[in-house]
2 protein chains.
Amino acid sequence: MRLEIDNSDIPVLCRACEARHGGICGALDPAELLRLGKMTSRQRYPARTILLTPGEHTEYCSNILNGVVKVSKLLPDGRQQVVELQFAPDFLGHPFAAESNVFIETASAVELCSFPRHMLKSMTAESAALQNRLHRQVLRQLDQARDWMMTLGQKTAAEKVASFLIMLAGHLHPSEADRSKSFDLTLSRMDIADFLGLTTETVSRQLTALRKAGVIHIDKARHVSIINPQGLRAAAAQ
Amino acid sequence: MRLEIDNSDIPVLCRACEARHGGICGALDPAELLRLGKMTSRQRYPARTILLTPGEHTEYCSNILNGVVKVSKLLPDGRQQVVELQFAPDFLGHPFAAESNVFIETASAVELCSFPRHMLKSMTAESAALQNRLHRQVLRQLDQARDWMMTLGQKTAAEKVASFLIMLAGHLHPSEADRSKSFDLTLSRMDIADFLGLTTETVSRQLTALRKAGVIHIDKARHVSIINPQGLRAAAAQ
DNA sequence: CGATATATTGAGAAAAGTCAAAATAAGTGG
DNA sequence: CCACTTATTTTGACTTTTCTCAATATATCG
């Protein structure tokens with residue numbers, strides 16, 4: 001049996017999918033993929049689209065195909081904490097609960113592959129590998145959340161901003177070597193501040209300090225190049 | 001068939017276990033419980049026992065039967081962030097990885113029910129219900145971690161301390177009504193500070209402020225009674 | 001009861017926040 | 001493409017919060 005015969009069983013949508021192997025779909029065999037593919041729709045959202053608000057019900061889950069998604073929590077008085085940034089090929093949504101307890105918004109232009117939650121439910125019941133993959137992603141998310149708790153609770157403003165740049169560079173350019181990374185921030189100073197537990201002014205001042213120290217270069221406020229990765233790591237206390 | 005016949009299949013150890021129904025064992029049928037029970041040992045640890053350090057390998061997982069377990073992360077320079085407090089009947093350990101990336105220590109006298117990690121691995125492969133329960137616990141832990149990120153990033157020292165007391169009261173007296181809760185702090189001021197991203201002095205000052213405001217009563221530094229639960233919630237910004 | 005660890009309190013220093021203004025970037029219609 | 005408007009970012013001066021260091025008080029343990 002030739003490979004392309006196998007491949008022909010895979011939905012066209014999935015064959016071209018950048019996220020297929022890394023995301024939860026990597027745990028599915030062609031038959032399962034076909035079943036899921038029939039219920040799936042691919043959608044584009046511009047930056048700053050609200051995808052879900054706390055208390056809102058949804059019957060859909062998604063895979064992130066590209067772009068950055070911002071997950072945050074709100075206090076009654078309006079204070080906001082960004083609790084996670086999600087990148088392709090992350091799974092987005094709650095496999096068991098219909099009601100969201102977080103605020104989910106696109107931070108850049110985003111493409112999602114969405115499918116009904118009940119599909120996920122029935123497929124996890126059949127495929128231990130799928131549930132395993134979902135389980136592992138949540139463990140990874142928990143670990144990241146804990147790392148961020150360390151940043152939020154113990155680090156100084158300068159260390160927080162440096163840590164943020166390192167984290168973002170790692171997600172946007174996972175394969176590249178350390179030196180001279182260059183990327184778009186996507187998030188506004190306000191978003192970064194809400195992620196780091198700082199104010200926009202403090203974020204701006206710390207970015208300026210890193211720039212003046214020759215560690216990074218900033219172009220038009222949103223585009224960052226890391227000139228001295230080692231210096232940045234030192235500034236992040238890592 | 002009488003109930004006690006069913007019950008006789010359950011290991012003696014498990015029959016008397018306070019955590020059986022709430023913890024992961026609640027997902028197991030008597031046969032599975034018996035299999036796991038044979039590999040299980042119940043152990044007591046005094047307060048401040050180090051259970052696992054970052055990088056250390058372990059081939060065991062546990063259920064917490066009672067007591068409080070402190071999970072923390074360390075920075076190279078010694079700064080510490082407590083990233084979670086775990087209570088009975090939580091599952092303790094990583095179902096997939098042998099190497100720990102956190103520092104785990106008992107915060108009070110603790111009783112654990114430990115079993116080999118490979119047992120968990122083989123049992124999750126067979127029982128979707130067990131994997132599901134583990135998966136749900138991690139989702140709950142992630143949600144708690146996110147709530148704590150909000151506390152760490154956005155709240156003032158006063159709000160952090162009030163939030164901590166509410167959280168602890170909820171875990172130590174889950175069934176009781178709100179009014180006049182009374183409990184032991186278990187953690188030192190240092191531990192609380194490392195959990196809240198504050199210093200011991202600030203924690204102490206904020207506790208004193210709550211005491212002087214008539215919201216709580218403190219006895220011998222470690223025993224707290226909540227006099228005005230509503231005032232405490234208001235102080236926590238929740 | 002004394003010794004040691006833990007917690008509280010006070011005074012001054014440092015970090016980050018607030019408010020206001022200026023500078024830069026982005027969006028819009030001619 | 002440019003001028004104009006609006007939003008975002010940066011910078012400065014000052015305030016507040018929390019930290020640091022030191023002293024005192026209180027608990028815990030043998």
Whole angstroms only, please: what is the [atom1]-[atom2] distance between [X] and [N]?
X      : N      : atom1 : atom2 : value
A:I216 : D:dT10 : CD1   : C1'   : 14 Å
A:L196 : C:dA16 : CG    : P     : 12 Å
B:K155 : D:dT16 : NZ    : P     : 24 Å
B:D194 : C:dT6  : CG    : P     : 13 Å
B:Q154 : C:dA16 : CD    : C1'   : 13 Å
B:L185 : D:dT26 : CG    : P     : 19 Å
B:K220 : D:dA25 : NZ    : C1'   : 16 Å
B:H223 : D:dT28 : NE2   : C1'   : 17 Å

Any side-chain donor near an acceptor of the partner, [X] and [Y], under 3.5 Å:
X      : Y      : result
B:H94  : B:S100 : no
A:K155 : A:S163 : yes
A:E84  : A:Q141 : yes

_Contact summary for A:L185 and A:L168, nearest pair of heavy atoms_ = O-CD2, 3.7 Å

*Does the ring centre of A:F183 sit less than 6.0 Å away from the ring centre of A:H223?*
no

So, does [X] get its side chain near the phosphate of [N], meaning an N or O under 4.0 Å from OP1 or OP2?
X      : N      : value
B:T199 : D:dC19 : yes
B:T202 : D:dC19 : yes
A:R79  : C:dG17 : no
A:T156 : C:dA15 : no

*asked:* Both A:D219 and B:E201 contact DNA chain C. Which one's nearest nucleotide lies toward the 5' end?
replied: B:E201

*Is there a side-chain contact between A:I192 and A:D194 (heavy atoms, below 4.5 Å)?*
no

*Angle by which the axis turns from one end of the helix from C:dC1-D:dG30 to C:dG30-D:dC1 to the other, five pairs per end, to 10 degrees*: 60°

*At under 4.0 Å between heavy atoms, what does B:L198 touch on the DNA or RNA strands: base, sugar-phosphate, or nothing?*
sugar-phosphate

*Give me the ring orientation class for B:F87 and B:H171: parallel if the planes are under 30° apart, tilted from 30 to 60°, perpendicular past 60°.*
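Because their plane-to-plane angle is under 30°, the rings of B:F87 and B:H171 count as parallel.
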
_So that I can tick it off, tell me whether A:E159 and B:R79 are bridged by a salt bridge, with the cut-off set at under 4.0 angstrom between side-chain N and carboxylate O._
yes

*Determine, for A:R48 against A:D191, whether the closest basic-nitrogen to carboxylate-oxygen distance falls under 4.0 angstrom.*
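Result for this pair is yes, salt bridge flagged.
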
Quick test: give all pairs of protein nitrogen or oxygen and nucleotides 2-9 of chain D nitrogen or oxygen below 3.5 Å, distance rounded to 0.1 Å.
unit_1: D:dT9; atom_1: OP1; unit_2: A:R222; atom_2: NE; d: 2.7
unit_1: D:dT9; atom_1: OP1; unit_2: A:R222; atom_2: NH2; d: 3.0
unit_1: D:dT9; atom_1: OP2; unit_2: A:R189; atom_2: N; d: 3.1

